[in-house]
Undergrad: 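I am attaching a structure below and will ask some questions about it afterwards.
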Amino acid sequence: MEEKANKQHKVFRHLKFIRLCTWLLSFFTILPSRQSFNYGEALSKSLLYFESQRSGRLPYNQRVVWRHHSGLTDGLEQGVDLVGGYYDAGDNVKFGLPMAFTITMLSWSVIEYSEQISDAGEYGHALEVGDGDTDHYCWQRPEDMTTSRQAYKVDENNPGSDIAGETAAAMAAASIVFRKTNPHYSHLLLRHAEQLFEFGDKYRGKYDESVTVAKGHYTSVSGYMDELLWAGLWLYKASGDEGYLNYVLENARGFGGITWAITEFSWDVKYAGVQLIASTLLAGKRSRKHQQILKEYRSRAEYYLCACLNKNNVTNVRRTPGGLLYVRQWNNMQYVSAAAFLLTAYSDHLQASNQRLRCDHGTLDPSEIFKFAKSQVDYILGYNPMGMSYLVGYGSKYPERVHHRGASIESYKTQKDFIGCTQGYDLGYSRQGPNPNVLVGALVGGPDMKDRFRDERENYAQTEACTYNTATLVGVFAKLRWLEKDSLFARPSSLPVDSGQLKIIV
């Protein structure tokens with residue numbers, strides 16, 4: 001009897017185990033099989049995204065055909081011409097600080113990877129204003145806008161050193177890009193960058209304290225000191241004027257350049273970018289007298305990089321179970337794409353100077369750093385537990401309900417009837433199905449801490465895309481495409497937690 005009971009008990013346990021496995025598998029998602037990604041296609045689509053964000057009168061060679069002219073009276077109330085530019089996200093506002101950062105990062109990508117971008121046939125594409133509160137009350141196509149197009153400015157009585165500094169950085173970086181192809185324009189950009197920097201440094205203050213409508217949308221949490229250091233470095237790179245380098249070195253401590261240890265890089269917090277660029281100047285002969293300060297900048301840059309690589313003793317950037325860097329819930333992908341760029345750029349610097357990265361938990365070769373950067377890009381393109389590409393329009397599965405006014409409503413070219421402010425909520429925001437217009441190349445906010453993603457329009461923390469999300473990927477895509485023929489890089493990188501074929505999505 002006892003033997004029979006034991007056998008029954010074993011059978012019962014076996015059945016329980018089978019049922020448990022069956023139940024768990026209903027909640028499991030098989031991680032997509034390893035595959036090569038078409039980084040050239042990702043590069044092309046990422047640059048196409050910016051055409052979807054254009055404001056003003058569109059050029060004859062506009063490739064995103066569902067868009068039309070918009071914002072043609074911007075600046076009219078103030079007596080200035082502010083027509084043109086780009087909408088920075090899914091609304092119809094042209095916020096200056098994030099858009100300037102977008103241009104800085106696009107320019108940096110072109111500076112670092114011009115040969116790779118040219119080889120992909122995308123160099124030309126790489127070179128080709130509103131009230132935030134009232135706009136967010138409406139859901140309209142930009143072509144139908146009836147909201148206030150009030151423009152705001154900073155001046156000596158209403159300072160904005162952060163936006164002046166970032167715009168100066170953007171113009172200085174762009175001046176390097178256009179130096180050979182359009183010297184006159186390059187010179188003009190540099191001159192305006194110098195003027196903006198002088199203004200921002202002389203009249204110091206945060207722009208969101210002067211332009212209060214920016215609060216709640218793009219609050220400058222880090223203040224303006226990082227932007228002034230950032231601008232100083234880009235002006236030094238663009239002009240070669242030692243005065244700008246001296247400014248960055250003399251204010252290194254007072255402005256937080258060598259005192260802040262940072263684990264993020266974004267449109268708001270520039271310190272990691274400042275520290276990384278400054279550290280690359282150590283090899284220059286003109287910088288030898290400043291070796292000690294530059295070494296301190298390098299130490300802080302290494303802290304950021306090691307945090308991304310999970311190699312610091314105490315503070316590291318968190319990761320999802322699927323291996324994605326995770327900084328915060330709202331638009332986390334901006335930090336991922338920015339980290340991928342900085343890691344890639346610095347790995348190139350180390351490779352060129354025959355150096356390695358020193359972290360608390362070991363020393364890494366440039367190839368190891370780049371391999372991790374690649375793993376983040378591969379996650380974005382679909383090698384993740386959801387099997388979803390977070391770059392819209394890339395792959396067979398991507399977000400279809402992007403939080404974007406223009407993409408969610410029928411194109412003005414096919415539906416010219418005026419769509420009012422609140423009417424757009426019924427026709428676009430509340431639409432049950434996919435957006436009628438695909439926002440190709442947009443990088444959305446991405447999954448949560450557990451790799452989960454809800455493709456819902458109202459879920460703006462995950463489904464809204466921003467120009468600065470995509471801008472930092474352009475250079476990395478270009479390099480990956482360049483290396484695509486190399487079998488070492490043709491396969492998606494193994495994610496750090498990948499110990500099996502099954503990944504759990506709870």
Undergrad: Please check this pair: side chain of Q62 against backbone of S52, looking for a donor-acceptor N/O pair closer than 3.5 Å.
TA: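 Not a single qualifying donor-acceptor pair exists.
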
Undergrad: Counting only heavy atoms not in N313, do more than 12 fall under 6.0 Å of its CG?
TA: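 Result for CG/N313: enclosed.
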
Undergrad: Can a donor-acceptor pair be found between the side chains of D348 and Q351 at a distance below 3.5 Å?
TA: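 Note: D348 and Q351 side chains miss the donor-acceptor criterion.
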
Undergrad: Starting from the C-alpha separation in whole Å, work towards a yes-or-no answer on side-chain contact (heavy atoms from CB on, under 4.5 Å) for K450 and T320.
TA: CA-CA 6 Å; K450 294 184 178 181; T320 69; over 6 Å; no

Undergrad: Classify the angle between the aromatic ring planes of W234 and W230 as parallel (below 30°), tilted (30 to 60°) or perpendicular (above 60°).
TA: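 Perpendicular.
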
Undergrad: Does the side chain of M105 reach to within under 4.5 Å of the side chain of Y468, using non-hydrogen atoms?
TA: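 Heavy-atom side-chain distance check fails, nothing below 4.5 Å.
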
Undergrad: Is the shortest side-chain N to carboxylate O distance from E41 to K45 below 4.0 Å?
TA: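 Yes.
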
Undergrad: Just grab all the salt bridge (Lys or Arg N to Asp or Glu O under 4.0 Å) pairs involving residues 324-337, residues at least two apart or on different chains.
TA: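 The answer is E264-R328.
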
Undergrad: Please evaluate residues N310 and V317 with respect to the criterion side-chain contact (heavy atoms from CB on, under 4.5 Å), reporting the C-alpha separation (whole Å), side-chain torsions for both, the decisive distance (0.1 Å), and the verdict.
TA: CA-CA 7 Å; N310 199 34; V317 181; over 6 Å; no

Undergrad: Could you check whether any side-chain heavy atom of V474 comes within less than 4.5 Å of a side-chain heavy atom of L106, counting everything from C-beta outward?
TA: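 Touching, per the 4.5 Å side-chain cut-off.
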
Undergrad: H125 side chain to L47 main-chain N or O, any donor-acceptor pair under 3.5 Å?
TA: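 Looks like no, no N/O pair under 3.5 Å.
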
Undergrad: When you measure from the side chain of S299 to the backbone of K295, do you find a donor-acceptor pair of N or O atoms at a distance under 3.5 Å?
TA: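 Not confirmed, S299 side chain does not pair with K295 backbone.
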
Undergrad: Are any of the side-chain heavy atoms of E302 and C359 separated by less than 4.5 Å?
TA: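 The answer is no, as the side chains (C-beta and beyond) never meet within the 4.5 Å cut-off.
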
Undergrad: For E368, look at atom CD and say whether over 12 heavy atoms of other residues, nucleotides or ligands are found less than 6.0 Å away.
TA: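 Enclosed: over 12 neighbouring heavy atoms sit under 6.0 Å from CD of E368.
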
Undergrad: Compare all side-chain heavy atoms of Y394 with those of L443 and state whether any distance is below 4.5 angstrom.
TA: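 No - every pair of side-chain heavy atoms lies 4.5 Å or more apart.
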
Undergrad: Given side chains that start at C-beta, do those of M333 and Q376 come closer than 4.5 Å, heavy atoms only?
TA: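 Heavy-atom side-chain distance check fails, nothing below 4.5 Å.
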
Undergrad: Indicate yes or no for a side-chain donor-acceptor contact from T263 to the backbone of Y304 under 3.5 Å, with no hydrogens or angles considered.
TA: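 Checked: no pair found.
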
Undergrad: Ion pair present between E51 and R67, side-chain N to carboxylate O less than 4.0 angstrom?
TA: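 Salt bridge between E51 and R67, a charged N being under 4.0 Å from a carboxylate O: no.
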
Undergrad: Does a side-chain heavy-atom distance below 4.5 Å link L350 with R356?
TA: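 The answer is no; the side chains never approach within 4.5 Å.
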
Undergrad: Give the intermediate values and the outcome of ring pair (Phe, Tyr, Trp, His ring centres under 6.0 Å) for residues Y383 and F37.
TA: CA-CA 9 Å; Y383 192 64; F37 289 113; 7.2 Å; no

Undergrad: Can any side-chain N or O of N312 pair as donor or acceptor with the backbone N or O of Y303 at less than 3.5 Å?
TA: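 Confirmed, N312 side chain pairs with Y303 backbone.
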
Undergrad: Test side-chain contact (heavy atoms from CB on, under 4.5 Å) on Y398 and L391; report intermediate values, then the result.
TA: CA-CA 7 Å; Y398 51 81; L391 190 76; over 6 Å; no

Undergrad: Do the side chains of E112 and K479 get close enough for a salt bridge, i.e. N-O under 4.0 angstrom?
TA: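 Salt bridge between E112 and K479, a charged N being under 4.0 Å from a carboxylate O: no.
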
Undergrad: Test side-chain contact (heavy atoms from CB on, under 4.5 Å) on Y236 and V248 and set out the steps.
TA: CA-CA 9 Å; Y236 171 65; V248 174; over 6 Å; no

Undergrad: If you take all heavy atoms of A100 and E166, which pair is closest and at what distance?
TA: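 For A100 versus E166, the nearest heavy atoms are CB-CG, 3.5 Å.
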
Undergrad: Test side chain to side chain donor-acceptor pair (under 3.5 Å) on N435 and R457 and set out the steps.
TA: CA-CA 9 Å; N435 289 348; R457 211 166 285 111; 2.8 Å; yes

Undergrad: Measure the spacing between CG of L43 and CG of L48 and express it to the nearest 0.5 Å.
TA: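 Answer rounded to 0.5 Å: 11.0 Å.
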
Undergrad: Within this structure, what is the CG-CD distance for the pair D226 and Q275, rounded to the nearest 0.5 Å?
TA: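 Output value for this atom pair is 10.0 Å.
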
Undergrad: With distance as the sole test, does S347 use its side chain to make a donor-acceptor pair with the main-chain N or O of T344 at under 3.5 Å?
TA: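 Yes, S347 side chain to T344 backbone: donor-acceptor pair under 3.5 Å.
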
Undergrad: Between F341 and W108, how do the two ring planes meet: parallel, tilted or perpendicular, split at 30° and 60°?
TA: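 Correct class here is perpendicular.
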
Undergrad: Minimum heavy-atom separation for C306 to N316, with atom names?
TA: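 So the minimum-distance heavy-atom pair works out to O-OD1, 3.5 Å.
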
Undergrad: Without swapping roles, check the side chain of R319 against the backbone of C308 for a donor-acceptor pair under 3.5 Å.
TA: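 Side chain of R319 to backbone of C308, a donor-acceptor pair under 3.5 Å: yes, one is there.
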
Undergrad: Taking 4.0 angstrom as the limit, do K270 and E227 come out as a salt bridge?
TA: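 Salt bridge present between K270 and E227.
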
Undergrad: Out of curiosity, M99 CE to T104 OG1, how far, rounded to the nearest 0.5 Å?
TA: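 If we round to the nearest 0.5 Å, M99:CE and T104:OG1 are 9.5 Å apart.
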
Undergrad: Can S44 and E122 be said to form a side chain to side chain donor-acceptor pair (under 3.5 Å), step by step?
TA: CA-CA 7 Å; S44 298; E122 295 291 345; 2.6 Å; yes

Undergrad: For A465 versus L439, what's the shortest heavy-atom pair and its separation?
TA: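 Minimum heavy-atom separation between A465 and L439: CB-CD2, 4.5 Å.
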
Undergrad: Would a 4.5 Å heavy-atom cut-off, applied to side chains only, mark L309 and L343 as touching?
TA: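 With C-beta onward as the side chain, the pair touches.
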
Undergrad: Check whether Q53 reaches the backbone of Y87 with its side chain - one donor and one acceptor, N or O, closer than 3.5 Å.
TA: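 Such a contact is found between Q53 side chain and Y87 backbone.
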
Undergrad: Nearest 0.5 Å, please: how far is NE2 in H349 from CD1 in I369?
TA: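 Reported value, rounded in 0.5 Å steps: 10.0 Å.
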
Undergrad: What are the two closest heavy atoms between N459 and Q462, and how far apart are they?
TA: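 Heavy atoms only, the tightest pair is ND2-OE1, 2.5 Å.
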
Undergrad: Nearest 0.5 Å, what's the CG-CG distance between L281 and L245?
TA: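 Rounded to the nearest 0.5 Å, the CG-CG separation comes to 6.5 Å.
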
Undergrad: Measure the OG1-CZ distance between T102 and F50 for me, rounded to the nearest 0.5 Å.
TA: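 Separation between the atoms: 6.0 Å.
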
Undergrad: Would F370 and Y346 satisfy ring pair (Phe, Tyr, Trp, His ring centres under 6.0 Å), going step by step from the backbone distance to the final call?
TA: CA-CA 9 Å; F370 180 59; Y346 201 71; over 10 Å; no

Undergrad: Strictly under 6.0 Å, is that where the ring centroids of F477 and Y39 end up?
TA: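 Not close enough - the centres of the two rings lie 6.0 Å or further apart.
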
Undergrad: Compare every heavy atom of V392 with every heavy atom of P399, then report the nearest pair and how far apart it is.
TA: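 It is O-CG1, 4.0 Å.
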
Undergrad: Using only atom types and a distance under 3.5 Å, with no angle test, would you say the side chain of D451 pairs donor to acceptor with the backbone of N384?
TA: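 No.
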
Undergrad: Can any side-chain N or O of D365 pair as donor or acceptor with the backbone N or O of S367 at less than 3.5 Å?
TA: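 Not confirmed, D365 side chain does not pair with S367 backbone.
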
Undergrad: For the residue pair S266 and V269, establish whether any side-chain heavy-atom pair is separated by less than 4.5 Å.
TA: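 Yes - at least one pair of side-chain heavy atoms lies under 4.5 Å apart.
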
Undergrad: Under 4.0 Å between a side-chain nitrogen and a carboxylate oxygen: does that hold for R454 and D448?
TA: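 No, this pair does not count.
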
Undergrad: Could you go through the side chain to side chain donor-acceptor pair (under 3.5 Å) check for N469 and S337 one step at a time?
TA: CA-CA 6 Å; N469 293 20; S337 60; 5.6 Å; no

Undergrad: What pair of heavy atoms forms the shortest contact from A301 to S279, and how long is it?
TA: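 Result for this residue pair: CB-OG, 4.2 Å.
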
